[in-house]
Amino acid sequence: MNTANLTRAETAARSAAVTVRDYRVELDLSGARDHDRAGFTTTTTVTFDATGDRTWLDFLGPAVESVTVNGQAVPVDYDGARITLPGLAASNVVVVRATGAYSRSGEGLHRFRDPVDGETYLYTQYEPADARRVFACFEQPDMKAPFIFQVTAPVTWSVMSNRAAVGVVRHDDQQTVEFAPTLPLSTYITAIAAGPYHRVESVWQRGELTIPLGVLCRASLAGYLDADTILEVTKQGLDFFAEHFDYPYPWGKYDQIFVPEYNLGAMENPGLVTFTEAYVFRGAATAAQYEGRANTILHEMAHMWFGDLVTMVWWDDLWLKESFADYMGALAGAEATEWTDAWVAFANRRKAWAYLQDQLPTTHPIVADITDLEAAKLNFDGITYAKGASVLKQLVAYVGRAEFFAGVRRYFRTNAFGNTTLADLLTELSAESGRDLTGWAEAWLRTSGVSTVWFDGAAIVQTEPRPHRLDVGLYDFDDAGALVRRDRVELELAGERTPVTLPPAPLRLLNDGDLTYAKVRLDAESLATVERSLDRVTDPLARGLIWSALWNAARDGELAAERYVEMARAFAPAEPNTALLSAVLANAAFAIGHYLPAPARDRWRGDWLESCWASMYSAEPGSGAQLAFARASALAATVDGRRADDIAAMLRGERAAPDGLPLDPDLRWLWWTALAATGAATAADLDAALADDDTASGRTAHRRALAARPDGQVKADAWTTALGDTTLTNDHLDAVIDGFRAGARRDLLARYDSDYFAALRTIWDHRSIEIARRLVVGLFPASESLEPVDAWLAEHADAPAALRRLVLEQRDHLARDLRVRGDAPLGAAPGQATAVASSSTS
């Protein structure tokens, strides 16, 4: 039995028998700067009531030294994941002294050494269940309790937690910091950070409420931290949510810390929100990047209410926080910040993720059936986030905005500091809207799959009937030649066919305004109009919806991939919205690499590089478009070497870059990787580049570029390193995998196909789920046949459900590639029906 993989049934039984009163957690991080010391001392005192005479605490660490129950030492009964607690009374105080391990994978307490100045930084990341890597606890979201944290660390460090410090005792070169008790929290949103972080402070005020604000990053990144911009978005968001939620921000302070080697975009720890430091831009950044960061800031802020104040009982209802945060992030961005086109990025990035995920054989309802933690880990996906957010947007249209927010406010007041399920939310929304939402929830939240919607000349047809509230935009050319909406038809769809008479128009756009969640097809006349005049559509959201329709049709093989790429080449240079431009450029490159048959693929690789290269020069100097085309040129140059001499000359200062294009370190590494992948850069070249940028980002990029070189021994070394070097950090593992695959050199990589399938079970059994997922997904063979993966699935019906889910998803991506380019039918994997059923309960 894998006791680390907690199940829903056993945790429900535990929470029924145990009521947690409070925790005190003491961490000794005084030796953290000595990277030869693998562990730290952790002491947990937990007070709880129990109805039985035994239970267990969760802990993942090297050792448990002692356990006392109600003042009496008991034998340590620890299996590597659970500490058995015998002899319980009605009320109990348990003290566990243990050794935790510093993390290199971003799970638990991550430790990082900055190569620029040698300083050490720590931060925690727990979701869904890695608090137990730092302290012994009841690791499940419905066992909330107040926490007091006490941390011993070097005296020169900043030490932070969810609450403000209330006492500091200094002794020699160490300090012991004690923090104020938290309000009741689930274990996974507690947090610690420690190190010589750079800090910028401000405050947010609303009425009698004053909230201290902090923005933090590593000291060596301080020169790049645009804290004023971050704080502006933060204050705008707090104003927006205070007005719309009508529940005062409850967590006392609001620190936002940007940390290295982070596995996520961000995490909503109340009072100490963590972000990937990729959001600290070392060089030029597009408007889309700033907008994306603002969206993430607002997403995490929405969690202060959705997820932190009110938390799901178990991971089945993960959507109760993630879908809401995704929706609120876009809504607040569009209505409270300068990013008024936030819904454009949502339509083309977030919803594209949802559409992709919802067409996999492992798709699941928004309200999923999650039986254990391994399944929960994999459910942080496009369904839970983006589909759920899309459905909430439809729900707002369905019940009315005022009624929706009134129901949300009731939800907070009724369930503050508690745990909820779908039924609790529906109760409040139904009460305010006057609508029975049972049928709506069944159709949208408890079923899987995405509908495809089109106009057949007499009716709106949908493939998977659901109730939709949507608009049809009728677009025509104005006197200036712009393609603008002349009229809009409002519809409610029910059933497979909804008869409707639509006036003739050059362009009829279904789901105009993007109110619902469905793939839209363009009718023949509309497609012809778009193919000639897409750049004349003035509304950015309409353009975004058109590009989304085109991309979905190309992915489904209903629009020739070559036609999509032709339109991208024709219209991308004129696209002013950088979020939309970036999505189109990425999709076109993907279509060339995955959806075109070999002869067309080889021709288009060169043509696409030349197109991006020319647009890099013709774009407005210093613009986001110029930067986007420079990055697209780098990606295209990894599979076509015709511009290698030009790139090398620019990198070496022998040729001027396009006017206005900053050759910052990140762009330079993209181009060095392109040169490496096509054999135009040596190890010595890359070492020299590293000498010019010996930073954390530089070292990661250097690894990627080294592994990208098209040499058999280089690929063999990268393969061995990825599978065998357990000292690699999460970022460095990604770099090795990315470099191994760079250049799409099947002639060099095909030999590893059988090794991959032979290693899968070992990878899953011996690596953490985060690292195992990266290996399983990142090294999946881009072969020309489904036979190897089908054979593995048939022979490993007993493999863990989460592993089978990952393999099935990669198989489906490969099958789609083969089908769209005409190499093979989509087919079904052996045992797929069984596997889908098990994954939908995971």
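Side chains are part of it too, since the values below use all heavy atoms of this structure and drop only hydrogens, waters and symmetry mates.
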| task | Output the distance between atom OG (S103) and atom CG (L60), rounded to the nearest 0.5 Å. | result | 11.5 Å

| Parallel, tilted or perpendicular: which fits the ring planes of Y249 and W305, with parallel below 30° and perpendicular above 60°? | perpendicular

| Charged N to carboxylate O below 4.0 Å: is that the case for R349 and E291? | no

| query | When rounded to the nearest 0.5 angstrom, what is the spacing between CG in D34 and OG1 in T120? | reply | 9.0 Å

| Between D326 and R350, is there a salt bridge with N-O shorter than 4.0 Å? | yes

| field | Heavy-atom side-chain proximity of E26 to T42 below 4.5 angstrom | value | no

| 4.5 Å side-chain heavy-atom contact, W353 and Y385 | yes

| message | Quick check: do F281 and D666 have side-chain heavy atoms less than 4.5 Å from each other? | response | no

| query | OG of S220 to CG of D114: how many Å apart, nearest 0.5 Å? | reply | 3.5 Å

| Tell me, which pairs form a salt bridge (charged side-chain N to carboxylate O under 4.0 Å, His left out) where one or both residues lie in residues 144-166, sequence neighbours left out? | none

| For Y102, is the NZ or CZ atom of R111 found under 6.0 angstrom from the centre of its six-membered ring and inside 45 degrees of the ring axis? | yes

| query | Which value, rounded to the nearest 0.5 Å, describes the distance between K235 atom NZ and R206 atom CZ? | reply | 14.5 Å

| message | Please verify the inter-ring angle class for H299 with H303; under 30° counts as parallel, over 60° as perpendicular, anything in between as tilted. | response | perpendicular

| request: Using the ring-ring contact (aromatic ring centres under 6.0 Å, His included) rule, pick out the option among F275, F112, Y121, Y123 that qualifies with Y262. | output: Y123

| said: Measuring from atom CD of E107 to atom CD1 of I771, what distance do you get when rounded to the nearest 0.5 angstrom? | reply: 6.0 Å

| field | Pairwise side-chain contact, H198 with L216, heavy-atom cut-off 4.5 Å (strictly under) | value | no

| task | Just grab all the salt bridge (charged side-chain N to carboxylate O under 4.0 Å, His left out) pairs involving residues 176-199, residues at least two apart or on different chains. | result | R24-E178, R199-E201, R199-D255

| field | Spacing of Y23 atom OH and L185 atom CG [to the nearest 0.5 Å] | value | 11.0 Å

| Cationic N near anionic O, under 4.0 Å, R33 to E119 | no

| With S161, the side-chain contact (heavy atoms from CB on, under 4.5 Å) member among T190, I192, I148, T124 | I192

| query | So, K377 and E770, do they make that salt bridge, N to O below 4.0 Å? | reply | yes

| task | Look at D694 together with R699 and state whether they make a salt bridge at an N to O cut-off of under 4.0 Å. | result | yes

| task | Pick out which of F240, Y247, F241 makes a ring-ring contact (aromatic ring centres under 6.0 Å, His included) with H244. | result | F240

| All pairs passing salt bridge (charged side-chain N to carboxylate O under 4.0 Å, His left out) where residues 133-142 contributes a residue, at least two apart | D130-R133

